[in-house]
Amino acid sequence: MNIQISVQKAIETLYAQSVDGSQVQLQKTKKEFKGHLTLVVFPFLKISKKNPEQTAQEIGEYLVKNESVIAEFNVIKGFLNLTISSSYWIDILENINADKNFGTISSTENSPLVMIEYSSPNTNKPLHLGHIRNNLLGYSLAEIMKANGYNVVKTNIVNDRGIHICKSMLAWQKLGNGATPESTGKKGDHLIGDYYVLFDKEYKKELNELQSKGLSKEDAETQSVWMAEAREMLREWEAGDEETVALWKKMNSWVYAGFDETYKRLGVDFDKIYYESETYLIGKEQVLEGLNKGVFYKQEDGSVWADLTSEGLDHKLLLRADGTSVYMTQDIGTAKLRFDDYPINKMIYVVGNEQNYHFQVLSLLLDKLGFEFGKGLTHFSYGMVELPEGKMKSREGTVVDADDLVMEMVSTAKEVSEALGKLDGYSEEEANNVSEIVGLGALKYFILKVDPRKNMTFNPQESIDFNGNTGPFIQYTYARIQSVLRKAAEQGIQLISLDKTLAISEKEENLIQNINAFSSVVKEAAESYSPSLIANYVYELVKEYNQFYHDFSILREENKAIRNMRLILSENTGKVIKTGFGLLGINVPERM
RNA sequence: GGUCGGGUAGCUCAGCUGGAUAGAGCAACAGCCUUCUAAGCUGUGGGUCUUGGGUUCGAAUCCCAACCUGAUCACCA
């Protein structure tokens, strides 16, 4: 079964020297050459003491003679192209066919536990396009880790405290006239977001008025009544003032209901949600403990700092002079709470790349505080999403709202499908269902196929174009496969077992090879935290399947054994597409 | 200025643990539907892989430098 080891053995036998497994590079043979696997023989020239062609020839001859799975070989320069026997491919296909969960490993109680933090919204604004990338990456990463046998806890940290929340509360209190999501018909998060914007508007208006009276910008800011009231509200909140806390709870509950709706539609979820309002005090405790242990130091004004100069970084503030927490303090507290709650082996934070420095520091601080997980934490960093029109800027009102975008994607999917007559004969409900799957598939695939580290441009129109490297194209291929299988079933075609003596075509062998590669792709995706790897693999597979599909008339083939083989090939391609897309959090339609 | 990313076709992106003539899609052009989903398939054109050095049998890939670009740099989260 393991060709890598066969090759290794061949070389050792031929040249009477042991070779390191990593030197045996077997790669997929390029399309233009005959064969399935290619061995690069350059690394072995030293021990063979012969030129590349001769060495390759020798190894090839040995393999064909001694390994039944190697049917033939050819040599081009220093490359030994090996052709694997058809019966081997049929065996492989049979194994894949028998394996219901092909490509995935299930976890046990003893499997390592990975905690993945993602989403991390503020409660004063609705989710936007950047959050979408975050949510999709986080969810997909969790699915990929699960598929590799890890236990996964998906977590969310909600930033529910601070001056920004008070701004929304204040504007609502003063200008809201008791508006609620019910009375306005607005989603809670949007309603609160509106008041946050309103605060900003009123505050700016006030500043302008003060400045027109001759005050400097700084003086105007200190004299602002709006800002003073917001600060006062934060003080009341921290002091536990009943009325303030009640208002805060009420408004937050609206926001959470709004978020839940968005999460549900995006298809993401969490096992455990943490709130900064519950963790910032724990962070403070941890910092004070660190101070006692002498890990941190106090400045004259009473503020607490960490000295990271020996690690090549700077000094970092952990508690302000007035004893209040900063962002870092909260993250320390949250980490402490999480590790108390779960036996975490690995912590992954899905957070934008603007926080690279923050996580570098967090890792060091946790380590200094004696948390063993500190050093090993992973910041899964991703770049910004831009639109073809340019960057999103909240000041210019060019932020793309997550809910609006999803709605637009789904309605575009519907329009396009209708125009193509694809929804003819569908009930309204079925049509909406397919549009939902396709619209979201377009969005998700387009975002996930790009390397997370890169800044990317999301082009809604291109994403929902049903040609090319898009989600809908892959979904369509899946639906077509299901159609083929349905037709076969209608015609009463029974799947018989595979005939191992069957001569199968090169195209079929290549397709099997590609399907078989799925399990190693899943593994690699987990090792390199890379949803995009899965996405690009699935696309390659789909393209290859399409070529195969167009070359053969699958159902009208006379030979039963061949027809059967092709149906099984289709079925397993479908299986891999569905599983692969599942790892990306994308649904596939049974028909479209 | 310091630190960390990114720079591949007109556009959007793969490829990056070194391997053969650098790949897709979009856009452009030319073909393919009496019959299983044409939202498809086939073909053509399009590249100094930012630049310059280095490492070696071999570099888009590794190292160094420069240039361009993004993020970040202590009391925002």
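Residue numbers start from 1 in every chain, and the chains themselves are labelled A, B, ... in the order their sequence lines are given, proteins ahead of strands. If you're wondering where the values come from, they're calculated on a predicted model, not measured in any experiment.
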What is the separation between atom [atom1] on [X] and atom [atom2] on [N], rounded to the nearest whole Å?
| X | N | atom1 | atom2 | result |
| --- | --- | --- | --- | --- |
| A/H379 | B/rG5 | NE2 | C1' | 12 Å |
| A/Y476 | B/rA38 | OH | C1' | 6 Å |
| A/F548 | B/rC41 | CZ | C1' | 15 Å |
| A/H128 | B/rA77 | NE2 | C1' | 12 Å |
| A/K316 | B/rC76 | NZ | P | 10 Å |
| A/K449 | B/rG15 | NZ | P | 12 Å |
| A/M384 | B/rU72 | CE | C1' | 12 Å |
| A/I474 | B/rA39 | CD1 | C1' | 13 Å |

When you measure from the side chain of [X], which nucleotide among [options] comes out closest?
| X | options | answer |
| --- | --- | --- |
| A/D301 | B/rC75, B/rA77, B/rG19 | B/rC75 |
| A/W305 | B/rA74, B/rA39, B/rU37 | B/rA74 |
| A/D451 | B/rU72, B/rA77, B/rA14 | B/rA14 |
| A/K543 | B/rA24, B/rA39, B/rC36 | B/rA24 |
| A/N536 | B/rG6, B/rA14, B/rA77 | B/rA14 |
| A/V40 | B/rG19, B/rA38, B/rA20 | B/rG19 |
| A/N546 | B/rC4, B/rC41, B/rC36 | B/rC41 |
| A/K454 | B/rC75, B/rA39, B/rG6 | B/rG6 |
| A/K422 | B/rA74, B/rG25, B/rA39 | B/rA39 |
| A/R591 | B/rA77, B/rA71, B/rU37 | B/rU37 |

### Query
Within the pair A/R453 and B/rG6, is there a side-chain N or O less than 4.0 Å away from OP1 or OP2?
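For A/R453, the contact criterion (side-chain N or O under 4.0 Å from OP1 or OP2 of B/rG6) is met.
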### Query
Does A/S483 make a side-chain N or O approach to OP1 or OP2 of B/rC36 shorter than 4.0 Å?
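Answer is no, no contact under 4.0 Å.
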Base, sugar-phosphate or nothing for [X]? Non-hydrogen atoms, less than 4.0 Å.
| X | result |
| --- | --- |
| A/D314 | base |
| A/K77 | sugar-phosphate |
| A/M456 | sugar-phosphate |
| A/Q547 | sugar-phosphate |
| A/Q475 | nothing |
| A/R480 | base |
| A/Q360 | nothing |
| A/T457 | sugar-phosphate |
| A/T470 | nothing |
| A/V450 | sugar-phosphate |

For the residue pair [X] and [Y], categorise the inter-ring angle as parallel (less than 30°), tilted (30 to 60°) or perpendicular (more than 60°).
| X | Y | value |
| --- | --- | --- |
| A/H315 | A/W305 | perpendicular |
| A/F359 | A/Y349 | tilted |
| A/F473 | A/Y539 | perpendicular |

Using the [atom1] atom as the point on both nucleotides, what is the distance between [M] and [N], in whole Å?
| N | M | atom1 | result |
| --- | --- | --- | --- |
| B/rU17 | B/rG43 | C1' | 37 Å |
| B/rU21 | B/rC62 | C1' | 23 Å |
| B/rG5 | B/rG23 | C1' | 24 Å |
| B/rU44 | B/rC4 | P | 45 Å |
| B/rU56 | B/rA71 | P | 39 Å |
| B/rG6 | B/rA77 | P | 30 Å |
| B/rA59 | B/rU8 | C1' | 14 Å |
| B/rG46 | B/rU69 | P | 31 Å |

### Task
Apply side chain to side chain donor-acceptor pair (under 3.5 Å) to A/H36 and A/N81, showing your working.
CA-CA 7 Å; A/H36 299 104; A/N81 299 323; over 6 Å; no
Stacking between [N] and [X], yes or no? Criterion: centroid separation under 5.5 angstrom, plane angle under 30 degrees.
| X | N | answer |
| --- | --- | --- |
| A/Y539 | B/rA24 | no |
| A/F42 | B/rG58 | no |
| A/F79 | B/rA20 | yes |

### Message
Here's one to test your reading of the geometry: is the NZ or CZ of A/R480 within 45 degrees of the ring axis of A/Y549 and under 6.0 Å from its centre?
### Response
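Yes - A/R480 lies over the ring of A/Y549, closer than 6.0 Å to its centre and within 45° of its axis.
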### Message
Would A/R161 and A/Y275 count as a cation-pi pair here, with the cationic atom under 6.0 angstrom from the ring centre and within 45° of the axis?
### Response
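Not flagged: A/R161 not positioned over aromatic ring of A/Y275.
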### Query
What do the steps show when you test A/Y545 against A/S570 for side chain to side chain donor-acceptor pair (under 3.5 Å), and what is the final call?
CA-CA 8 Å; A/Y545 175 80; A/S570 294; 2.9 Å; yes
Would you say the side chains of [X] and [Y] form a donor-acceptor pair under 3.5 Å?
| X | Y | value |
| --- | --- | --- |
| A/N356 | A/S381 | yes |
| A/N469 | A/Y445 | yes |
| A/D160 | A/S277 | yes |

### Message
Give me the stems containing RNA chain B, sorted by first residue, counting only three or more consecutive Watson-Crick or G-U pairs with both distances under 3.5 Å; say none if there aren't any.
### Response
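So the stems come out as B:1-7 with B:67-73, B:10-13 with B:23-26, B:28-32 with B:40-44, B:50-54 with B:62-66.
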### Query
Would you say A/I132 and A/L443 make side-chain contact, with heavy atoms under 4.5 Å?
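A/I132 vs A/L443: side chains touch.
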### Query
Any side-chain heavy atom of A/F73 within less than 4.5 Å of one from A/T83?
no
### Task
Could you tell me whether B/rC64 is syn or anti, where syn means a glycosidic angle within 90 degrees of zero?
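This nucleotide is in anti.
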### Task
For the pair A/E53 and A/K77, find out whether any cationic side-chain nitrogen is under 4.0 Å from an anionic carboxylate oxygen.
no
### Task
Looking only at non-hydrogen atoms, find the nearest pair between A/P388 and A/F458 and report the distance.
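Closest pair (atom of A/P388, atom of A/F458, distance): CD-O, 3.1 Å.
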#### Entry: Residues in contact with RNA chain B, drawn from residues 156-163 of chain A - heavy-atom cutoff 4.0 Å
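A/N159 - these, ordered by number, are the residues of the stretch whose heavy atoms sit under 4.0 Å from the strand.
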### Side-chain-base donor-acceptor pair under 3.5 Å for A/T38 and B/rA20
yes
### Query
Can you find a donor-acceptor N/O pair under 3.5 angstrom joining the side chain of A/N81 to the base of B/rA20?
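Between B/rA20 and A/N81, which were checked side chain against base, a qualifying N/O pair under 3.5 Å is present.
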